[in-house]
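One structure below.
Order of the sequence lines fixes the chain letters, A, B, ..., with proteins taken first and strands second; residue numbering starts at 1 for each chain.
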Number of protein chains: 2
Amino acid sequence: MSKCESCIVREFNSLKSLSREELMRVSACKTGKIFRKGQVIFEEGETLNGVYCVKDGVCKLTKLSENGKDQVVKLVVKGGLLGKRSLVTEQKTNLSAVALNDMEMCFIPKSEIMEDLNKNPKFTMDVLKTMAHDLKESDESLVNMAQKSVKRRMAEILMYIHDNFGTDDEGYLSIVISREDYASIVGTATESAIRILSQFKKEDIISTRGKQIKIEDYNALKWME
Amino acid sequence: MSKCESCIVREFNSLKSLSREELMRVSACKTGKIFRKGQVIFEEGETLNGVYCVKDGVCKLTKLSENGKDQVVKLVVKGGLLGKRSLVTEQKTNLSAVALNDMEMCFIPKSEIMEDLNKNPKFTMDVLKTMAHDLKESDESLVNMAQKSVKRRMAEILMYIHDNFGTDDEGYLSIVISREDYASIVGTATESAIRILSQFKKEDIISTRGKQIKIEDYNALKWME
DNA sequence: AATAAAAGCTGACAAATATCATATTTTCTT
DNA sequence: AAGAAAATATGATATTTGTCAGCTTTTATT
């Protein structure tokens, strides 16, 4: 397994604020973990004893609603850290994490990373900034949920995935998820999500190949009422 | 104006993690501000050059949606700090703050508080914990918006206000806001909010006196489908 | 106290979204 | 390659929520 000091993933997250010595210490006690598509990384209510650093693959963070449906709160890709909030508050996790495809992750035990959090102000500030960013994003999603139509929300999530996670060489969104997941992100019934995507297809705004989606007319999504 | 060192409000927020010396320094440069009901404290997109500490009164944090409607993201009462996120990220604020009744606040300039944020790890950790808590709350609201009916959301906001901000000696909710604000919290049309509150009245779940609302049957709200 | 303005209320109807039923296609398993 | 299982698709219908219009009550202003 590669060492943290030389891991490029680190460039994308708060670990970049750690010194070489700190990184070596973290590296020495981390464990590599592989999760298969669909596998649960952790579940709402669990006590996490560390954080996961995503090296490859995508996962969804979800929360179970009282109506029994899961709501996707966030998608996490390479460079993301899972379990930050629980680490900071020392509470059980309020979200579940499920792999959307095969994932490669590093697990860093709590004790190790807590030490850095308490002793390296640069690191603490960096985690704080990430959390502030997450909060802003969450507030924005809240407003979208409350004020926009399902169709509009679907258009926005397609653009979000396109802009943040990119496409493969043929132009298909590089994150491939089920219609059920789309429904769970947008906050609607699976049938409604399917219906809207079908409509987009009919209007040549997107095209599909199996689960894969390609945006054909970005502006149509952007300017959709 | 009273001094920060002896201000009880401090007990409710992150400032409690500051040392006596730090508090005296903060106190020396703070300015007291009064905002009248309906007055705008700051507006989305503004550059804040400090944080506000709420000594008395209530305000709403809102975000403007593209459809032109404001969405209430959070209610802030005594002890709350406004502008934390902007302080940490050094970005323009993403929310507006409007006083819901007459408010008494202290304004602490950015330069002063930033110094503490960079030098007092206990304070930084405390701000981090508050932010983590806000994030959790925001995620929960997101799920509620996405998965629950307007009626259910209204029931929950009534209970939330009851549980977190209490009632006066007659049992009326101590936070008194317009139906329009209720609509904006719940994320619905004003008429729909009014309709639902009227229905609750008919079913004797709540009673009203002008704008004031009293919860008569908490369990009915709790177990509402 | 009179008037104006704002907030609250209600009905009628339209639009958006959910639910249920059922077919079709894709993917997985053997 | 065949069959089973899961995912996708679509129609019919019910429910929820939004919009518009007009009316009543409360609050603010003179």
Side-chain angles (χ1 to χ4, degrees), chain A residues 36-39 60 65-71 98 100-102 144-158 172-173 176-203 206-214 224-225, chain B residues 36-39 65-71 98 100-102 144-155 157 172 176-203 206-214 224-225:
Chain A
R36 297 288 164 206
K37 181 183 172 182
Q39 214 180 330
K60 59 179 178 184
S65 175
E66 282 159 37
N67 65 4
K69 286 186 190 168
D70 269 325
Q71 174 67 35
V98 179
L100 289 177
N101 46 34
D102 292 352
N144 287 346
M145 282 297 170
Q147 302 283 351
K148 295 180 182 171
S149 70
V150 172
K151 195 173 152 192
R152 189 73 252 247
R153 268 140 54 193
M154 183 64 84
E156 292 192 3
I157 188 62
L158 290 173
Y172 288 94
L173 298 179
V176 178
I177 57 183
S178 69
R179 303 299 149 102
E180 196 182 354
D181 280 327
Y182 273 107
S184 168
I185 293 172
V186 164
T188 190
T190 306
E191 295 95 320
S192 298
I194 289 173
R195 235 180 276 274
I196 286 168
L197 288 175
S198 297
Q199 195 195 333
F200 287 178
K201 258 197 292 189
K202 254 181 218 143
E203 295 169 356
I206 64 169
S207 64
T208 63
R209 189 173 62 190
K211 273 187 173 31
Q212 293 179 93
I213 294 179
K214 172 155 53 172
M224 182 166 295
E225 40 81 41
Chain B
R36 298 287 165 207
K37 180 182 171 183
Q39 214 180 331
S65 176
E66 283 157 38
N67 65 4
K69 287 187 188 165
D70 269 326
Q71 173 68 35
V98 179
L100 289 177
N101 46 35
D102 292 353
N144 288 346
M145 282 297 168
Q147 302 284 349
K148 295 179 182 172
S149 70
V150 172
K151 194 172 152 192
R152 188 73 253 247
R153 269 142 50 194
M154 183 64 84
I157 188 63
Y172 288 95
V176 177
I177 57 183
S178 69
R179 304 298 149 104
E180 197 183 354
D181 280 328
Y182 273 108
S184 169
I185 294 172
V186 165
T188 190
T190 307
E191 296 95 322
S192 298
I194 290 173
R195 235 180 276 272
I196 287 169
L197 288 175
S198 297
Q199 196 195 333
F200 286 177
K201 259 196 290 190
K202 254 183 220 142
E203 295 169 357
I206 63 170
S207 63
T208 63
R209 189 172 62 190
K211 272 186 172 30
Q212 293 179 93
I213 294 178
K214 172 154 55 171
M224 183 166 293
E225 39 82 40

request  = Evaluate whether atom CD of A:Glu180 has more than 12 neighbouring non-hydrogen atoms of other residues, nucleotides or ligands under 6.0 angstrom away.
outcome  = no
So, is [X] close to the [N] phosphate, meaning a side-chain N or O under 4.0 Å from OP1 or OP2?
X	N	answer
A:Lys151	C:dA15	no
B:Ser198	C:dT10	yes
B:Thr188	D:dG18	yes

Could you tell me how far apart [X] ([atom1]) and [N] ([atom2]) are, to the nearest whole angstrom?
X	N	atom1	atom2	value
B:Glu191	C:dA12	CD	C1'	13 Å
A:Gln212	D:dT8	CD	P	13 Å
A:Asp181	D:dA6	CG	C1'	14 Å
B:Ile177	C:dG8	CD1	C1'	15 Å
B:Ile196	C:dG11	CD1	C1'	16 Å
B:Glu180	C:dC9	CD	C1'	15 Å
B:Glu225	C:dT19	CD	P	12 Å
B:Asn67	C:dA15	CG	P	18 Å

ask   = Hey, are A:Glu156 and A:Arg152 close enough for a salt bridge, meaning a charged N less than 4.0 Å from a carboxylate O?
value = yes
inquiry  = Strictly below 4.0 Å, N to O, side chains only: are A:Asp102 and A:Arg36 in salt-bridge contact?
reply    = yes
By the 4.0 Å heavy-atom rule, please label [X] as base, sugar-phosphate, or nothing.
X	result
A:Lys201	sugar-phosphate
B:Lys148	nothing
B:Ser149	sugar-phosphate

Nearest 0.5 Å, please: how far is [atom2] in [Y] from [atom1] in [X]?
X	Y	atom1	atom2	result
A:Ile177	A:Ile157	CD1	CD1	7.0 Å
B:Gln147	A:Glu66	CD	CD	11.0 Å
A:Glu225	B:Asn67	CD	CG	12.0 Å

Selected nucleotide, minimal atom distance to [X] side chain, candidates [options]:
X	options	value
A:Ile194	D:dA21, D:dA9, D:dT17	D:dA9
B:Ser192	D:dA9, C:dT19, D:dG18	D:dG18
B:Arg179	D:dT19, C:dT19, C:dC9	C:dC9
B:Ala189	C:dT10, D:dT8, D:dG18	D:dG18
A:Lys211	D:dT8, D:dC20, C:dT17	D:dT8
B:Val150	C:dG11, C:dA18, D:dT17	D:dT17

task = Examine the base of C:dG8 for any acceptor or donor lying under 3.5 Å from a partner atom in the side chain of B:Arg195, and report the outcome as yes or no.
result = no
query = Could a donor-acceptor pair under 3.5 angstrom be found where the side chain of B:Arg153 meets the base of D:dT17?
reply = no
